[in-house]
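Residue numbers start at 1 and run along the sequence shown.
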Amino acid sequence: MRQIVLSFIIVILSCTFYATPSSAAGPWKGQIIDIETKEPLEGAVVLAVWERYYRTPTGGSSYFYEAKEVLTDKEGKFEIPSYITINLLPLISYIEGPYFTIFKPGYGSLSRSGLEKYFLGEGVEPKEGEISGKRYRFAPGLIELPPLKTREERLRGGLHDIPAEIGGEVPERKIKKLIKAINEDRLYLGLQLFKVEDE
């Protein structure tokens with residue numbers, strides 16, 4: 001009987017404390033350019049967000065896990081260093097991400113999952129879409145954003161608010177660069193600026 005109880009405890013502890021790494025650990029890198037001029041976009045914000053999902057009898061729920069943000073350099077290039085997530089409770093939770101948000105004031109923004117493959121250099125096909133009636137394009141290692149030249153275009157296709165996918169979930173201290181860029185857009189549009197709490 002003692003061996004059965006001991007075996008049961010070992011199984012429970014090994015399942016509970018077994019750490020599982022994320023499948024895609026980076027680094028994530030690429031270049032962001034203007035789709036019309038092909039000029040590099042310096043100072044664009046690239047934000048990566050990970051979420052932890054919990055399995056429950058009534059369905060799943062997700063919570064913020066981690067976020068990393070960087071700015072593009074003079075050549076429009078960026079790199080988010082390798083980051084391995086650790087899941088200590090694989091039976092009841094799992095970690096997904098990173099989900100990317102890309103934003104440069106005066107340009108169409110992207111906020112979506114699936115971009116990580118383009119930043120890892122995996123075998124993916126180039127894709128196109130529309131932001132405020134203007135084309136954008138992404139290919140392995142390259143994102144081409146459309147300029148939004150009028151106030152109306154920026155209101156429709158810019159990022160003048162914190163994306164719903166990360167709003168309220170990601171702590172402000174983790175998205176300071178994004179908030180600063182959004183405030184630059186809000187200033188141009190005559191909207192009230194976001195206040196960022198000091199640490």
Side-chain angles (χ1 to χ4, degrees), residues 21-35 39-53 62-87 95-122 129 131 136 138-148 154 157-189 191 193-199:
S22 170
S23 57
W28 299 271
K29 53 189 172 179
Q31 184 183 33
I32 301 173
I33 66 173
D34 183 308
I35 196 169
E39 291 294 316
L41 296 181
E42 182 181 4
V45 178
V46 181
L47 170 69
V49 176
W50 289 261
E51 292 182 333
R52 180 188 299 275
Y53 288 83
S62 68
Y63 300 91
F64 168 74
Y65 181 79
E66 182 59 282
K68 306 281 183 184
E69 65 175 349
V70 296
L71 295 175
T72 55
D73 63 16
K74 289 181 181 180
E75 297 176 347
K77 294 182 178 179
F78 72 91
E79 181 172 340
I80 295 176
S82 296
Y83 177 71
I84 298 174
T85 60
I86 301 296
N87 186 9
I95 297 169
E96 284 196 357
Y99 303 112
F100 283 92
T101 296
I102 299 168
F103 177 59
K104 166 92 174 151
Y107 284 83
S109 63
L110 291 174
S111 190
R112 60 183 296 160
S113 62
L115 288 177
E116 70 279 358
K117 294 177 184 176
Y118 290 86
F119 301 146
L120 289 171
E122 295 180 4
I131 303 170
Y136 68 85
F138 47 96
L142 183 68
I143 301 288
E144 298 180 63
L145 294 180
L148 304 178
R154 284 175 83 161
L159 185 63
H160 46 273
D161 212 343
I162 296 173
E165 305 88 69
I166 65 173
E169 292 292 323
V170 180
E172 286 181 354
R173 62 184 168 76
K174 292 285 188 175
I175 55 171
K176 285 184 175 181
K177 292 175 177 69
L178 180 62
I179 292 173
K180 183 178 179 183
I182 289 172
N183 274 340
E184 187 179 322
D185 207 47
R186 291 178 73 85
L187 186 63
Y188 170 84
L189 295 168
L191 303 174
L193 303 184
F194 287 118
K195 291 183 180 178
V196 182
E197 293 180 17
D198 295 327
E199 291 187 76

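By the 6.0 Å contact criterion, NZ on Lys29 is open, its count of non-hydrogen atoms from other residues, nucleotides or ligands being 12 or less.
From Leu110, atom CG reaches atom CD1 of Ile143 across 6.0 Å, with rounding to the nearest 0.5 Å. Summarising the geometry, atom CG belonging to Asp34 is positioned 9.0 Å from atom CD belonging to Glu144; distances are rounded to the nearest 0.5 Å. Between the CZ atom in Arg154 and the CG atom in Leu189 there is a gap of 6.0 Å [rounded to 0.5 Å]. In this structure, CG on Leu115 lies 5.5 Å from CZ on Phe138, to the nearest 0.5 angstrom. Here Leu145 contributes atom CG and Ile102 contributes atom CD1; the two are 6.5 Å apart, rounded to the nearest 0.5 Å. For the atom pair Ile95 CD1 and Ile84 CD1, the distance stands at 12.0 Å (nearest 0.5 Å).
For Ile131 against Gly157, the heavy-atom pair with the smallest separation is CG2-O, 3.3 Å. Considering every non-hydrogen atom in both Glu51 and Tyr99, the closest pair reads OE1-CE1, 3.8 Å. Taking each heavy atom of Ser109 and Leu159 in turn, the nearest pair found is OG-CB, 3.6 Å. When every heavy atom of Pro98 is checked against every heavy atom of Ala48, the shortest pair comes out as CB-CB, 3.7 Å. Between Val45 and Lys177, the closest heavy-atom pair is CG2-O, 3.6 Å. What you find for Lys174 and Phe64 is that their closest heavy atoms are CG-CZ, 4.2 Å.
One N or O on the side chain of Thr72 and one on the backbone of Gly43 form a donor-acceptor pair closer than 3.5 Å. Judged by distance alone, with hydrogens and angles left aside, the side-chain atoms of Asn183 form a donor-acceptor pair with the main-chain N or O of Phe194 at under 3.5 Å. Formation of a donor-acceptor pair under 3.5 Å by the Gln31 side chain with backbone atoms of Glu75 is found in this model. Using modelled atom types, no side-chain atom of Lys74 and backbone atom of Glu42 make a donor-acceptor pair closer than 3.5 Å. Proximity of a side-chain donor or acceptor of Glu184 to a complementary backbone N or O of Ile182 within less than 3.5 Å is not detected.
Note: Tyr65 and Tyr83 have tilted aromatic rings, judged against thresholds of 30 and 60 degrees for the angle between ring planes.
The pair Glu69-Lys176 does not meet the salt-bridge criterion, since no charged nitrogen lies less than 4.0 angstrom from a carboxylate oxygen.
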Worksheet entry | Derivation of the side chain to side chain contact (heavy atoms under 4.5 Å, CB included) call for Leu142 and Ile33 | CA-CA 8 Å; Leu142 183 68; Ile33 66 173; 4.0 Å; yes
Q.
Determine whether Trp28 and Leu120 satisfy the following criterion, side chain to side chain contact (heavy atoms under 4.5 Å, CB included), listing intermediate values before the conclusion.
A. CA-CA 5 Å; Trp28 299 271; Leu120 289 171; 3.6 Å; yes
*Check the pair Phe78 / Phe119 against ring pair (Phe, Tyr, Trp, His ring centres under 6.0 Å), numbers first and verdict last.*
CA-CA 10 Å; Phe78 72 91; Phe119 301 146; 5.0 Å; yes
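When each of Leu178, Ile80, Leu71 is paired with Val46, the side chain to side chain contact (heavy atoms under 4.5 Å, CB included) condition holds for Ile80 and for no other.
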